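Just so we're clear, the structure is a prediction, and the values are computed from it rather than from any experiment. Throughout, protein chains are lettered first and strands after them, A, B, ... in sequence-line order, and every chain is numbered starting at 1.
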Amino acid sequence: MSAEENKTSLHFIEQIIEDDLASGKHSAIQTRFPPEPNGFLHIGHAKSIVLNFELAKKYKGKCNLRFDDTNPEKEKVDYVDGIMADIKWLGYSWGKTLYTSDYFEQLYQWAIQLIKAGKAFVDDRTAEQVTADRGTPSTPATPSPNRNRSIAENLTLFTEMKEGKHAEGTKVLRAKIDLASPNMLMRDPAIYRIKNEPHHRTGTTWHVYPMYDFAHGQSDSIEKVTHSLCTLEFENHRPLYEWFIKELGIFPSRQIEFARLNLSYTITSKRKLLTLVEEGHVTGWDDPRMPTLVAMRRRGYPPAAIRNFSAKVGVAKRNNVIDVALLEHAVREELNKTANRVMGVLNPVKLVIENYPEGKVEMVEAVNNPGDETAGKRPLPFSRELYIDQSDFMENPPSPRKFFRLGPDREVRLKYAYIIKCTGYDKDEAGNITLIKAMYYENTRSGNDTSGKKVKGTLSWVSAPQAIDAEIRLYDRLFNNDNPAALEDFRTALNPNSLQIVKNAKLEASVATLTIGQTVQFERQGYFTIDKETTSKHLIINRTIGLRDTWAKMQK
RNA sequence: UGACCCAUGGUGUAACUGGCAACACGUCUGAUUUUGGUUCAGAAGAGUCUAGGUUCGAGCCCUAGUGGGUCAACCA
């Protein structure tokens, strides 16, 4: 391969990093993933996690995990634990777990430094008053009457705030920047507010908490983060980020913004996801229809698929909506390689092979994974009474060129076993097929078929006496609309059929040995994983995703 | 009626210092197949938002427009 062919293109952040490394600005890179522990991680966060950790890996740098825990009202240790579990599940590890709250003392000292430099002041005005005075993008703010308080008074007041001598909302520390700035964030932003809510890590030690803008850049700086990656909505914060770093004279981390991930047919707003949970449209944050990482894990999405997907979507600054089909493709691609095949019948109908001896059970050999010889083979019981899927039989099938499966007088192969011919069937009063009768050709056994017979259709099946029962949950898209987030009320696009429960599926017995979270392919059906609600008495299985189905497409 | 950011097949991302617009998903053919899966071979689909400019040459540089996004929490 020539050097020419070897060339892979870099996205804009990689280019920045390579330039910084080449120019000697940095000798190594440091990134970070900085979630606020106020909820569960979703597929959008996965993009950021993969970006930050993979960048660090590629350039032999490090990626920190830092919890941005500056708002005690919304944050909980449960979320901290959940987020760490999700990142580990995704396949990433970090060194020491870091918290912005570890920097509260330093941040406080920096605030004092700003006050002493005349760059910050304590404002007694209410939030409403401050907002009213902020002006508009084209008209400057009106200065707070407290803007020119003496440094000594500011120091006293801020100390009192810290000590809890003032009520919430009565005072705030503001940076003194530029009241006429076209960037509203520069018009004397609040940098410290009073909160008496106990913090999940620092308890009641503090009564003042830094705002995001006064905490994030400085935390990056403390950790010597070289490239601080965040989403586009923080673009307008960059001047502030840089202002604090400059005024404080600390390590100049660089903020770089990229476009967040949006997925078609999906919602990734934490607030809206919470609505889904609270209003009971889903069973919880880990309902397998949710776009959260916990839900995807429960549904059987392999972490490698999410990593691959995150890499495939690219990194740029353009607003985007990724086709959810790309995620599904990544899931199938991974599972096709890794999931063992088993036999499962979702909507069983009994098939009796009338010329097969009653009571006889023979073992046939089934391949565990046709793409992976090392996965081996397993014996499968075959007998006179089997289950096949209702959809594999048609009373009045179209031409054999169109419909390969079973119908009156049609022949198909039962995979790994014999070719059979349908000889009849029973119906109930409602017209449902209740029993299919067939005969088998003894000389067509897989492996030593001497018949020379050729059939177009191959069916999956389960031997009835040995079959086990399971409840199977079939998931479809939660929303019918390809961009529910853009709707006035995203709930109007909820797909009423996003969950279908199959109560009496019949499976080969080996499925009972699977553990929670293990994923297999039911041949010709899709990928399925053992749900956490499974008990020793009740097997509950989630359909991770169906196979690509060109037959279903043809039928439309 | 301000600032900042963005604009390339249906979707997403490429195109190095200006030089034949490529890759993936999706779609459609065909072959293979004891999974209507996989795999393989192939096809269709954009001339790069618009108008100017610079240049031998512009998706790329410049100007203006248009369209979209973000910003006026004591959230992150």
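Candidate nucleotides B/C25, B/G36, B/C74 were compared by shortest atom distance to the side chain of A/D549, and B/G36 ranks first. With distances taken from any side-chain atom of A/P137 to the nucleotides B/G26, B/C74, B/A72, the minimum falls on B/A72. When each of B/A76, B/A72, B/U34 is scored by its nearest atom to the side-chain atoms of A/S446, the top-ranked nucleotide is B/U34. Ranking B/G37, B/G26, B/A24 by closeness to the A/N336 side chain, first place goes to B/G37. Distances were taken from every side-chain heavy atom of A/T70 (C-beta onward) to each of B/A14, B/U34, B/A76; the shortest belongs to B/A76. Taking the side chain of A/P182 as heavy atoms from C-beta on, and the options B/C25, B/G2, B/C74, the nearest nucleotide is B/G2. Ranking B/U35, B/A72, B/U11 by closeness to the A/D323 side chain, first place goes to B/U11. Checked against B/A72, B/A3, B/A14, the side chain of A/R134 finds its nearest nucleotide in B/A72. The A/T131 side chain lies nearest to B/C74 when the options are B/C74, B/C71, B/U35.
Stacking of A/R201 on the aromatic ring of A/Y99 is recorded, both the 6.0 Å distance cut-off and the 45° axial limit being met. For A/K195 and A/Y209, the positive end is not near the middle of the six-membered ring at less than 6.0 Å and at most 45° from its axis.
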Kindly indicate, with the supporting measurements, whether the criterion ring-ring contact (aromatic ring centres under 6.0 Å, His included) is fulfilled by A/Y108 and A/W206.
CA-CA 10 Å; A/Y108 177 75; A/W206 294 89; 5.7 Å; yes
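Looking at heavy-atom distances under 4.0 Å, A/K415 makes contact with a base. Within 4.0 Å of A/L547, counting heavy atoms only, lies at least one base atom of the nucleic acid. The residue A/R548 sits close only to the backbone: its heavy atoms come under 4.0 Å of sugar-phosphate atoms, none of a base. Heavy atoms of A/S264 sit nowhere under 4.0 angstrom from any nucleic acid atom. Residue A/K74 is classed as a base contact, given a heavy-atom separation below 4.0 Å to a base. Among the protein residues, A/D213 comes within range of no part of the nucleic acid, since none of its heavy atoms lies under 4.0 Å from any strand. Among the heavy atoms of the strands lying under 4.0 Å from A/E233 are primed sugar atoms or P, OP1, OP2 only; no base atom is included. The residue A/V367 sits apart from the nucleic acid: no heavy atom pair falls under 4.0 Å. Using a 4.0 Å heavy-atom distance criterion, A/D68 is classed as a sugar-phosphate-only contact.
In terms of modelled atom types and a separation under 3.5 Å, the side chain of A/D392 and the main chain of A/I388 share no donor-acceptor contact.
The ring of A/Y212 does not lie on top of the base of B/A76; it is either too far (5.5 Å or more) or too tilted (30° or more).
Here B/C71 sits opposite B/G2 as a Watson-Crick or G-U wobble pair (both hydrogen-bonding atom distances under 3.5 Å).
In terms of position along RNA chain B, the nucleotide closest to A/P370 lies nearer the 5' end than the nucleotide closest to the other residue of the pair A/Y192 and A/P370. Mapping A/N38 and A/Q15 onto RNA chain B by nearest heavy atom places A/Q15 at the nucleotide closer to the 5' end.
Here B/A73 is in the syn range [glycosidic angle within 90° of 0]. For B/G10, the O4'-C1' to base torsion is more than 90° from 0; the nucleotide is therefore anti.
Aromatic ring pairs are classed by plane angle as parallel below 30°, tilted from 30° to 60° and perpendicular above 60°; the pair A/Y418 and A/Y440 is perpendicular.
Looking at A/R32 and A/E223, no side-chain N of the basic residue comes within less than 4.0 Å of a carboxylate O on the acidic one, giving no salt bridge.
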